[in-house]
Each structure stands twice: as C-alpha cells, then as structure tokens.
Amino acid sequence: MASFARHAARRRLAAAVVALGLAITAVFVLAYFQPQDLFINHTVDQARPAQAVVVRQGSFHSGEHATTGVAQLLGFPGGLTTLRLAPFRTSNGPAVHVWLSAAAPGAANGTVAGSAHLDLGGLKGNIGAQNYPVPRAADLGRYRTVVIWCERFSVTFGYAPLTRAATGAAG
C-alpha cells in the first residue's frame, strides 16, 4: 500500500511539473511572439500636415503580410520632411517598425536586414493614417523604399517603392 501511495505521489508531482512547464511555455509564447496581435487591430487617424508638398511617393505591396496603402514623403518650408502612410493597412504584430530603406523594392528579407536603413520608430497602428517625422540630417537620396519591418522575426510585412512626385503636387 505504501508503494501505491508513493507511486501516486510521484505521478501527481510529475503532472504538476508538466503543468508548470506548459504554463511557463504559454506565458513565454504570449509575451515574446504576441500571437494575439494578429487578431487585434489598432487604428490611427492622424491629420495630414498643412502646407506639405509630396516629394516622393509609392503604393504598398505585400511582403509576409497583406499590406495596402500609400507612402508619401512630405516636404515643408524650411527643409522638414515627414513620412505619411495613408490610407494604410497591414497585419498587427510584435515589434513592427517603419523604415526608410536603401534596399531595392521587393528585396529578400536578408537583403533588407543588411541594407542601410533609417528606423522612424514603431508602427503607430496597423490601420489608418499616420505621420513619422524624418530627421533633418537624413540623406533622403539614399533611401528608395519604405519598409514595414518586423524586428522580432526579421521579415518585411510590406514595402512601398518611392518615386518622385509630380512637381508641386499637393497630394
């Protein structure tokens, strides 16, 4: 009988260890991979800045996730530049950033990761209109693509090749 009790205690201990391992794994997956973000949309609706002139623009193409919309580099008197995404839509995800990239449009993820880029910050929302200030010292001639980049998985969610806008376009 004592042998049976010890065997049952070991089984309960083993079950508790397995349950604890599964709980730790679940917490890690939810915290690191954030799969819940794939089902949660975050909408942003920032106004288009006044007195802006479209300098370069391009339409988004899907990468690892369906991505649509338009990217515009807006120029202002005094030399300030802002990147505007509108109307914009992509998947939500962990650690998604907006890059100006020297990589060719549609380049492989490894090429994008290894190319010169300017990180404009985390994606404000996966849906809507949003503005990202571009540092004044940025050499905009070197960046030819806007990339929505997932740092966690090193993949391009979507990209927009930038081309010169018609002179004086108010967009």
Side-chain angles (χ1 to χ4, degrees), residues 25-49 52-76 80-135 138-171:
T25 300
V27 168
F28 172 77
V29 166
L30 289 174
Y32 186 77
F33 294 108
Q34 300 174 347
Q36 66 276 14
D37 279 352
L38 292 174
F39 307 103
I40 300 171
N41 288 322
H42 202 85
T43 302
V44 176
D45 189 21
Q46 294 183 312
R48 185 181 189 281
V53 175
V54 178
V55 179
R56 292 166 58 198
Q57 65 184 359
S59 295
F60 274 98
H61 302 270
S62 298
E64 300 294 327
H65 293 264
T67 303
T68 60
V70 175
Q72 295 179 320
L73 277 176
L74 303 176
F76 298 89
L80 294 177
T81 306
T82 294
L83 175 67
R84 180 164 174 80
L85 311 180
F88 178 76
R89 183 178 203 93
T90 193
S91 298
N92 203 351
V96 180
H97 282 240
V98 178
W99 285 4
L100 290 177
S101 174
N109 291 322
T111 301
V112 173
S115 295
H117 68 272
L118 180 60
D119 188 337
L120 299 180
L123 188 65
K124 295 175 182 178
N126 65 306
I127 298 172
Q130 47 206 285
N131 305 312
Y132 297 86
V134 177
D139 177 7
L140 295 178
R142 110 187 262 198
Y143 305 113
R144 52 193 192 175
T145 309
V146 174
V147 174
I148 307 303
W149 182 257
C150 179
E151 292 185 345
R152 181 79 36 90
F153 298 105
S154 296
V155 296
T156 300
F157 272 36
Y159 63 92
L162 294 172
T163 59
R164 296 238 176 257
T167 305

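- Scanning all heavy atoms of the two residues, the minimum distance from Gly106 to Tyr159 falls at N-CE1, 3.2 Å.
- Judged purely by atom type and a 3.5 angstrom limit, Asn126 uses its side chain to pair as donor or acceptor with the backbone of His42.
- Atom CZ of Phe153 sits about 12.5 Å away from atom CG of Asn109, to the nearest 0.5 Å.
- Between Gln130 and Lys124, the shortest heavy-atom contact is OE1-N, 3.3 Å.
- Side-chain contact between Ser154 and Trp149 is present, with heavy atoms from C-beta onward closer than 4.5 Å.
- Nearest heavy-atom pair across Leu120 and Pro133 is CD2-O, 3.8 Å.
- The closest donor-acceptor contact from the side chain of Asp45 to the backbone of Gly128 lies at 3.5 Å or more, if one exists at all.
- Here the closest non-hydrogen pair linking Pro49 and Phe76 is CB-CZ, 3.4 Å.
- Remark: side-chain polar atoms of Thr163 are paired, donor with acceptor, to backbone N or O of Gln57 under 3.5 angstrom.
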- Item | Check against side-chain contact (heavy atoms from CB on, under 4.5 Å), Val44 and Phe88 | CA-CA 10 Å; Val44 176; Phe88 178 76; over 6 Å; no
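- Nearest approach of Pro105 to Pro161, heavy atoms of both residues: CG-CB, 3.4 Å.
- You'll find the side chain of Thr145 stays beyond 4.5 Å of the side chain of Trp99, heavy atoms only.
- Rounded to the nearest 0.5 Å, atoms CG (Leu118) and CG (Leu100) are 5.5 Å apart.
- Among Thr111, Val112, Ile148, the one residue that satisfies the side chain to side chain contact (heavy atoms under 4.5 Å, CB included) test with Thr156 is Val112.
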